[in-house]
There are 4 protein chains.
Amino acid sequence: MEIFESDAYQAVLEAVEKAEGRMAPKKRLAVLAALDCFAEYGYDGTSTKLIAERAGIAEATIFRHFPSKRDLLLRIAAPVVRHILTPAASREATELARQHAGEPRLILREVMLSRLHFMRVYEPLVKIVLQEILVNQDLRAIFEREVGGLFQQIAPIVAMFGPKTDLDRERFFRILGGLLLGYHLQRTLVSPDHGWSDEEEVDFMVGLIFDGLNATT
Amino acid sequence: MEIFESDAYQAVLEAVEKAEGRMAPKKRLAVLAALDCFAEYGYDGTSTKLIAERAGIAEATIFRHFPSKRDLLLRIAAPVVRHILTPAASREATELARQHAGEPRLILREVMLSRLHFMRVYEPLVKIVLQEILVNQDLRAIFEREVGGLFQQIAPIVAMFGPKTDLDRERFFRILGGLLLGYHLQRTLVSPDHGWSDEEEVDFMVGLIFDGLNATT
Amino acid sequence: MEIFESDAYQAVLEAVEKAEGRMAPKKRLAVLAALDCFAEYGYDGTSTKLIAERAGIAEATIFRHFPSKRDLLLRIAAPVVRHILTPAASREATELARQHAGEPRLILREVMLSRLHFMRVYEPLVKIVLQEILVNQDLRAIFEREVGGLFQQIAPIVAMFGPKTDLDRERFFRILGGLLLGYHLQRTLVSPDHGWSDEEEVDFMVGLIFDGLNATT
Amino acid sequence: MEIFESDAYQAVLEAVEKAEGRMAPKKRLAVLAALDCFAEYGYDGTSTKLIAERAGIAEATIFRHFPSKRDLLLRIAAPVVRHILTPAASREATELARQHAGEPRLILREVMLSRLHFMRVYEPLVKIVLQEILVNQDLRAIFEREVGGLFQQIAPIVAMFGPKTDLDRERFFRILGGLLLGYHLQRTLVSPDHGWSDEEEVDFMVGLIFDGLNATT
DNA sequence: GATGAATGAGGTTTCATTCAT
DNA sequence: TATGAATGAAACCTCATTCAT
């Protein structure tokens with residue numbers, strides 16, 4: 001139970017409550033336990049019985065609040081993707097661009113660090129989304145729409161970094177996503193005990209992005 | 001059935017047969033169908049009944065050839081990761097480095113294109129491994145060992161690209177992996193209809209890696 | 001909701017209120033919705049959740065007013081069978097026999113029409129009783145007792161139609177019941193769109209009963 | 001188990017096997033137990049667990065042979081209604097009409113006795129069909145089509161009994177059905193201990209039908 | 001009087017796996 | 001080698017019912 005009090009879980013809970021409204025106590029427990037189990041065993045590898053046990057509630061209680069297991073997944077994952085990813089990311093990027101106007105390296109650095117922080121906070125959910133997005137059409141659709149929207153909103157900022165055509169801006173945006181995802185997977189899944197310093201790694205990546213290997217190393 | 005004749009499936013089949021020896025016809029069908037289903041629905045989302053139906057064989061026949069469903073997964077995924085990923089990749093990288101000695105950009109370009117080609121050929125398997133690696137300890141262990149080994153073997157080539165310390169070489173290796181994975185997911189999962197040109201995308205990435213944004217665009 | 005205002009439902013409601021006393025508004029809604037659902041899906045095929053939804057009330061409200069689902073069924077079905085079937089039928093038959101003394105054909109005709117009218121009015125309940133009587137001992141007991149009592153009370157009228165022995169009177173009574181039930185099922189369940197004229201059908205049946213096929217047709 | 005050896009169950013089994021082909025032993029047991037339970041408790045009142053227990057097989061075995069509980073019901077009830085009711089009844093009626101040509105009373109008597117015998121033999125199934133027909137659209141559709149077909153085939157025989165118009169023939173056919181059903185319900189459900197003599201009851205009914213009450217009693 | 005929340009028991013169905021043939 | 005038949009365990013979900021508010 002105490003696990004549930006970590007930042008990672010509270011952040012997801014808040015996002016879900018933004019969509020569901022104030023939730024009954026046992027409904028909250030169901031959400032937290034589901035989040036925990038899905039992240040650990042995957043959606044299909046998690047039984048509703050397990051969720052109920054981990055939440056300390058009756059299995060039937062889950063179904064009072066969510067019509068189906070699939071629905072439970074979507075009602076947990078969607079709000080984070082929907083309400084947090086796009087608006088928060090674009091608002092933040094805009095703000096950072098304003099603060100550090102004229103210093104693109106700093107902007108990029110801060111944006112990357114903030115996105116990595118976000119992924120850390122929502123770590124279990126990132127894992128779930130990553131897993132399910134490969135097989136779940138609904139989740140994929142939500143994700144694609146949001147990412148598309150995000151790009152539209154921060155394209156001007158991307159432009160500040162140099163890419164002159166729309167195509168190149170898209171490429172840069174994609175590459176940035178790939179870099180962040182790749183690094184996040186490394187630090188959380190592949191080598192969680194490596195003693196990562198986000199700052200150092202981001203500095204390396206920013207250097208690479210702006211100056212290339214030749215200048216960097 | 002005809003789906004099974006695509007390159008993607010034949011390549012996996014070959015890899016599996018390298019480990020299993022020549023397989024009985026229905027065993028091959030089982031492997032192909034399992035590959036297909038796992039890629040579409042994930043391991044847990046696939047029932048042995050579904051595999052049997054898609055293979056046009058009896059469910060029991062699967063268990064004649066594989067002691068369990070989990071074993072079926074590993075005996076499909078492991079050989080590709082084990083026998084193909086590391087030796088093939090390192091041999092190929094070495095060969096390319098020799099061919100284009102003194103032209104690091106060309107080496108990187110060819111290595112990236114070749115790795116992307118490999119991921120395309122083994123597309124369903126890449127999807128399966130990606131999904132299962134998040135929850136399956138066995139597969140994760142195999143994967144990590146292989147990737148570690150691969151780095152050891154091609155570290156000298158990485159060094160040719162500039163990074164001077166071991167730490168920086170690891171970083172570069174990781175970043176490269178992230179870029180390739182990110183791009184592969186884009187072209188196969190997120191926007192499969194986008195009309196991608198691997199050459200152009202790789203050229204952009206190589207440019208970025210060597211010269212950075214400032215010079216590239 | 002407006003469905004509930006049909007004669008069929010109001011008649012049952014009245015009968016139930018004769019036993020329950022004036023009912024709270026939501027209790028009435030529960031009764032009406034239960035009647036509706038039981039007739040449509042059968043007792044076992046109806047969940048209390050469905051009843052609550054159709055009534056627009058909370059599931060728990062049903063249990064405020066009725067200790068159990070089974071009780072709900074009996075408290076709806078019993079009054080109609082008990083308070084309406086026997087006394088009303090026998091009173092009416094007696095009255096009709098008095099009115100049309102010496103004209104047995106007319107008496108029978110009016111009795112049959114009136115019973116068919118009754119079954120039409122209580123149509124959903126007839127369906128419920130018919131269904132449940134096949135498996136529900138309680139309801140069967142109530143029904144049998146009432147039908148037995150009814151026969152006792154109208155035996156003299158049956159005698160007017162000709163049957164001389166008790167045995168023959170019983171037979172006639174049974175046959176009459178079979179005819180009415182058979183016709184009612186036809187017009188409501190099997191071919192509800194046939195455009196039935198109760199008068200014409202009853203005239204045919206009365207003709208058959210008194211004169212037989214030879215004379216009738 | 002021995003219950004299953006009664007004529008009633010063997011007759012249904014035969015009819016089902018005509019549609020299913022030779023059945024595996026446990027499939028037969030499943031059919032017999034389902035028949036038994038449905039007749040006793042109704043479709044919804046019967047759990048698949050109960051069926052399995054009564055059949056002495058595993059619950060999962062039922063679902064190996066029938067995709068769903070609903071399917072099990074239909075695959076038991078439909079063949080009897082479909083393959084037995086219409087062809088058998090019309091063939092038999094035709095044969096009886098030939099045998100007793102010129103003696104309509106005898107024909108009717110024999111037809112009625114034979115239909116009552118049929119209903120006795122298929123008693124559990126008659127009960128199931130009667131119950132389910134009230135709420136199950138599929139079964140109702142099958143039943144209506146068959147009864148319609150039956151009427152078409154034996155209309156000439158009905159004509160022999162007197163009714164001159166098509167409308168009157170239909171009426172007579174319906175009335176006959178009502179009489180038989182009413183009597184069958186009496187003797188099996190309402191008063192099974194009454195000591196019924198089908199012959200005597202049929203004689204009374206035939207008398208009524210041909211001569212009417214006036215002449216009969 | 002009414003209800004939202006909760007649940008234990010049980011529903012149908014699916015699962016991976018075994019075995020006789 | 002291959003399979004049809006079989007199954008115990010467990011899956012997701014629904015049930016009638018209780019209770020605090």
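The chains referred to below are lettered A, B, ... by the order of the sequence lines, with proteins before strands, and numbering in each begins at 1.
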Visitor: Checking D/Glu40 now: which residues fulfil side-chain hydrogen bond (donor to acceptor under 3.5 Å, both in side chains) with it, not counting sequence neighbours?
Guide: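 For D/Glu40 the side-chain hydrogen bond (donor to acceptor under 3.5 Å, both in side chains) partners, ignoring immediate neighbours, are D/Arg54.
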Visitor: Considering only residues two or more places apart or on different chains, which pairs with a residue in residues 47-77 of chain D satisfy ring-ring contact (aromatic ring centres under 6.0 Å, His included)?
Guide: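 Every candidate ring-ring contact (aromatic ring centres under 6.0 Å, His included) pair involving residues 47-77 of chain D fails, so no pair, neighbours aside, qualifies.
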Visitor: Could you give the CG-to-P distance, from A/Leu29 to E/dA5, as a whole number of Å?
Guide: 14 Å
Visitor: Quick one: CG on C/Asp71 to CD1 on C/Ile62, what's the gap to the nearest 0.5 Å?
Guide: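 That separation rounds to 12.5 Å.
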Visitor: Using whole Å, report how far CZ of B/Phe66 lies from P of F/dT1.
Guide: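 Rounded to whole Å, this separation is 12 Å.
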Visitor: Tell me the interatomic distance from C/Leu50, atom CG, to F/dC15, atom P, rounded to whole angstroms.
Guide: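 It is 9 Å, rounded to the nearest whole Å.
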Visitor: Taking for each residue the nucleotide of DNA chain E bearing the nearest heavy atom, is the 5' side occupied by C/Pro25 or by D/Thr46?
Guide: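 It is C/Pro25 whose nearest nucleotide is closer to the 5' end.
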Visitor: To the nearest angstrom, how far is D/Leu73 atom CG from E/dT12 atom P?
Guide: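 My rounded result for the distance is 13 Å.
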Visitor: side-chain hydrogen bond (donor to acceptor under 3.5 Å, both in side chains) with C/Thr48: which residues, sequence neighbours excluded?
Guide: C/Glu59
Visitor: Please write out the pairs of protein N or O atoms and N or O atoms of nucleotides 17-21 of chain E separated by less than 3.5 Å, giving the distance to one decimal.
Guide:
| unit_1 | atom_1 | unit_2 | atom_2 | d |
| --- | --- | --- | --- | --- |
| E/dT17 | OP2 | B/Lys69 | N | 2.8 |

Visitor: Would you please name every residue forming a side-chain contact (heavy atoms from CB on, under 4.5 Å) with A/Leu35, sequence neighbours left out?
Guide: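 Here the qualifying residues are A/Tyr9, A/Val12, A/Ile76, A/Pro124, A/Leu125, A/Ile128.
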Visitor: Return the residues of residues 129-139 of chain D meeting this criterion: a heavy atom under 4.0 Å from some atom of DNA chain E. Order them by number, or give none.
Guide: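 Correct list: empty, so none.
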Visitor: Looking at F/dG4, I'd like to know if its phosphate oxygens (OP1 or OP2) sit under 4.0 Å from a side-chain N or O belonging to D/His65.
Guide: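 For F/dG4, OP1/OP2 do not have a side-chain N/O of D/His65 under 4.0 Å.
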Visitor: Please report, rounded to the nearest Å, how far the C1' atom of F/dT7 is from the NZ atom of D/Lys49.
Guide: 16 Å
Visitor: Reading DNA chain F from 5' onward, which residue's closest nucleotide shows up sooner: C/Tyr43 or B/Ile62?
Guide: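 The residue whose closest nucleotide sits nearer the 5' end is B/Ile62.
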Visitor: NZ of D/Lys27 versus P of F/dA5: gap in Å, rounded?
Guide: 8 Å
Visitor: What integer distance in Å separates D/Asp44:CG from F/dC15:P?
Guide: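 Atom CG in D/Asp44 sits about 10 Å away from atom P in F/dC15.
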Visitor: Would you work out how much the helix from E/dA2-F/dT21 to E/dT21-F/dA2 bends between its ends, with each end axis defined by five base pairs, to 10 degrees?
Guide: 10°
Visitor: Would you mind listing every ring-ring contact (aromatic ring centres under 6.0 Å, His included) that reaches into residues 11-56 of chain C, with sequence neighbours excluded?
Guide: C/Phe38-C/Tyr43
Visitor: Applying salt bridge (Lys or Arg N to Asp or Glu O under 4.0 Å), name anything that partners C/Lys18, two or more places apart in sequence or on another chain.
Guide: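 Scan of C/Lys18 (salt bridge (Lys or Arg N to Asp or Glu O under 4.0 Å), adjacent residues dropped) gives none.
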Visitor: Would you say that B/Ile51 contacts B/Leu72 through its side chain, given a criterion of any heavy-atom pair below 4.5 Å between the two side chains?
Guide: yes
Visitor: Side chain of A/Ser47 only, heavy atoms from C-beta on: which candidate in F/dC12, F/dT3, E/dA5 is closest?
Guide: F/dC12
Visitor: Are there over 12 heavy-atom neighbours, none belonging to C/Gln10, within less than 6.0 Å of that residue's CD?
Guide: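 Counting other residues, nucleotides and ligands, CD of C/Gln10 exceeds 12 neighbours.
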Visitor: Less than 4.0 angstrom between a side-chain N/O of D/Lys26 and OP1 or OP2 of F/dT7, yes or no?
Guide: yes
Visitor: Can you list the residues that meet the salt bridge (Lys or Arg N to Asp or Glu O under 4.0 Å) rule with B/Arg140, with sequence neighbours excluded?
Guide: B/Glu144
Visitor: Ignoring hydrogens and angles, write down the donor-acceptor pairs under 3.5 Å from the side chains of residues 129-136 of chain B, residues two or more places apart or on other chains.
Guide:
| unit_1 | atom_1 | unit_2 | atom_2 | d |
| --- | --- | --- | --- | --- |
| B/Gln131 | NE2 | A/Gln131 | O | 3.0 |
| B/Asn136 | OD1 | B/Asp138 | N | 2.9 |
| B/Asn136 | OD1 | B/Leu139 | N | 3.1 |

Visitor: Could you give the OH-to-C1' distance, from D/Tyr41 to E/dG11, as a whole number of Å?
Guide: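 Rounded to the whole Å, the gap is 17 Å.
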Visitor: Can you give the donor-acceptor pairs under 3.5 Å from side chains of residues 19-30 of chain D to other protein atoms, not counting sequence neighbours?
Guide:
| unit_1 | atom_1 | unit_2 | atom_2 | d |
| --- | --- | --- | --- | --- |
| D/Glu20 | OE1 | D/Lys27 | NZ | 2.9 |
| D/Glu20 | OE1 | D/Arg75 | NE | 3.4 |
| D/Glu20 | OE1 | D/Arg75 | NH2 | 3.1 |
| D/Glu20 | OE2 | D/Arg75 | NE | 2.5 |
| D/Arg28 | NH1 | D/Glu17 | OE1 | 3.3 |
| D/Arg28 | NH1 | D/Glu17 | OE2 | 3.0 |

Visitor: Kindly point out which of F/dT7, E/dT3, F/dA2 is positioned nearest to the side chain of D/Ile57?
Guide: F/dT7
